[in-house]
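Hydrogens, waters and symmetry mates are skipped; everything else that's a heavy atom, side chains included, is used. Residue numbering restarts at 1 for every chain, and letters A, B, ... go by the order of the sequence lines.
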2 protein chains.
Amino acid sequence: MAGLKSSKQRDAILRNLQGRYDHPTAETIYFDLKKDFPALSLATVYRNLKVLESEGLIIRIPGNDAEHYDGNFHNHYHLTCRHCKNIIDLEVNGEEVINALPADFDGEITSHSLMFFGLCPECAKH
Amino acid sequence: MAGLKSSKQRDAILRNLQGRYDHPTAETIYFDLKKDFPALSLATVYRNLKVLESEGLIIRIPGNDAEHYDGNFHNHYHLTCRHCKNIIDLEVNGEEVINALPADFDGEITSHSLMFFGLCPECAKH
DNA sequence: ATGATAGTGATAATCATTATCATTATTAAG
DNA sequence: CTTAATAATGATAATGATTATCACTATCAT
């Protein structure tokens, strides 16, 4: 990888993200890792989230307030619930999403992110 | 509409957004409307973009830096180009996107936004 | 071992977005 | 046509997430 040296902090951030199924913000990860790395700096978390994202190891989910991150993106289809404001994972047939693109599109697609808006099953019950 | 009074500024913001096919930020709209409303405040633009969005008249496209807005969303499928950083519209078969949802999903979907990442046709040519 | 360079922690700086507030515009009712 | 209620505005201060900076440390190829 182009000019990247390994770092315990970066590894820990990636492992943290891969070991959970919610979509934390930089700050959430920061407080979480403070237990293992008391000297950890918030700036380091932000820095490495950017690096990990550009390496394609995690994805960024733009939220209303802060950026959220996801380290388990075999599927990255999300629903933001307008009631409880949570961002939940959705199972989606990715094949069909790709097929929705016109055949003559001549750009280059490396990934995609499908975001649904509405109510999560929990809130839909009222 | 619940407790909304009409305002020239809000109308102008909506018309501006509907009359263009790029995806401007609040600031871009602000400078654009300054010509017609010299006294316009940036806060007014931000305020009304929020109102218009919650009324479902425009959509918000989270960008890398600032929020972008779109007033022509018969389709709201976008590609963010990793090279030129532009956000361009894509023609997409929305039917197939909806079909990608599992039949037994019991939440409620009101809208969706499909974002592709990669290179726009222009940048793909190098 | 060592030199080159990427990474870190601390903190200041940035800057998009919000909140506040006195004033003005809009609207419905008398 | 007043008037009272309240939403909207413009100006600006405040907020808060993200970045930049910098002195120092860790990593790694040679």
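Rounded to the nearest 0.5 angstrom, B:L14 CG and B:S7 OG are separated by 10.5 Å. One distance of note links CD of A:E67 with CD of A:E27; it measures 13.5 Å at 0.5 Å rounding. Here the OH atom belonging to A:Y69 is positioned 10.5 Å from the CD1 atom belonging to A:I13, to the nearest 0.5 angstrom. Atom CG of A:D32 sits about 10.5 Å away from atom CG of A:L17, to the nearest 0.5 Å. Here the CG-CG distance, from A:L52 to A:L57, works out to 6.0 Å after rounding to the nearest 0.5 Å.
Looking at heavy-atom distances under 4.0 Å, B:A66 makes contact with sugar-phosphate atoms alone, never a base.
Sorted by residue number, the members of residues 26-42 of chain A with any non-hydrogen atom under 4.0 Å from DNA chain C read A:A39, A:L40, A:S41. For the contact set between residues 45-53 of chain B and DNA chain D, defined by any heavy atom under 4.0 Å, the members are B:R47, B:N48.
We find that A:D70 and A:R60 are not joined by a salt bridge, their nearest charged nitrogen and carboxylate oxygen being 4.0 Å or further apart.
The neighbour count for A:K50 NZ, taken as heavy atoms of other residues, nucleotides or ligands under 6.0 Å away, does not exceed 12. The 12-atom threshold is not exceeded at NZ of B:K8, counting heavy atoms of other residues, nucleotides or ligands nearer than 6.0 Å.
Between the C1' atom of D:dT18 and the NE2 atom of A:H68 lies a distance of 14 Å, rounded to the nearest Å. At whole-Å resolution of the value, CD in A:E67 and C1' in D:dG16 are 14 Å apart.
In this structure, B:T28 and B:H68 have side chains that are not in contact, with every pair of non-hydrogen atoms separated by 4.5 Å or more. Using a 4.5 Å heavy-atom threshold, the side chains of A:I59 and A:H23 count as separate. For the pair B:I29/B:T25, no side-chain contact is recorded, criterion being any heavy-atom separation below 4.5 Å from C-beta on. A:F105 places a side-chain heavy atom less than 4.5 Å from the side chain of B:L90.
The shortest non-hydrogen separation linking B:I58 to B:G71 is CG2-CA, 4.2 Å.
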Contact list (N/O, under 3.5 angstrom) for nucleotides 26-30 of chain D vs protein:
unit_1 : atom_1 : unit_2 : atom_2 : d
D:dT27 : OP1    : A:K8   : NZ     : 3.2
D:dT27 : O2     : A:K5   : NZ     : 2.9
D:dC28 : OP1    : A:S6   : OG     : 3.4

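Inter-axis angle, ends of the helix from C:dA1-D:dT30 to C:dG30-D:dC1, five pairs per end, rounded to 10 degrees: 40°.
Counting 5' to 3', DNA chain C first comes under 4.0 angstrom of a heavy atom of chain B and last does so at the ends given by C:dA16 to C:dT27.
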Name each donor-acceptor pair under 3.5 Å that joins a side chain in residues 37-49 of chain B to protein atoms two or more places apart or in another chain, with its distance.
unit_1 : atom_1 : unit_2 : atom_2 : d
B:S41  : OG     : B:A43  : N      : 3.2
B:T44  : OG1    : B:R47  : NH2    : 3.0
B:N48  : OD1    : B:R10  : NH1    : 3.0
B:N48  : ND2    : B:T44  : O      : 3.0

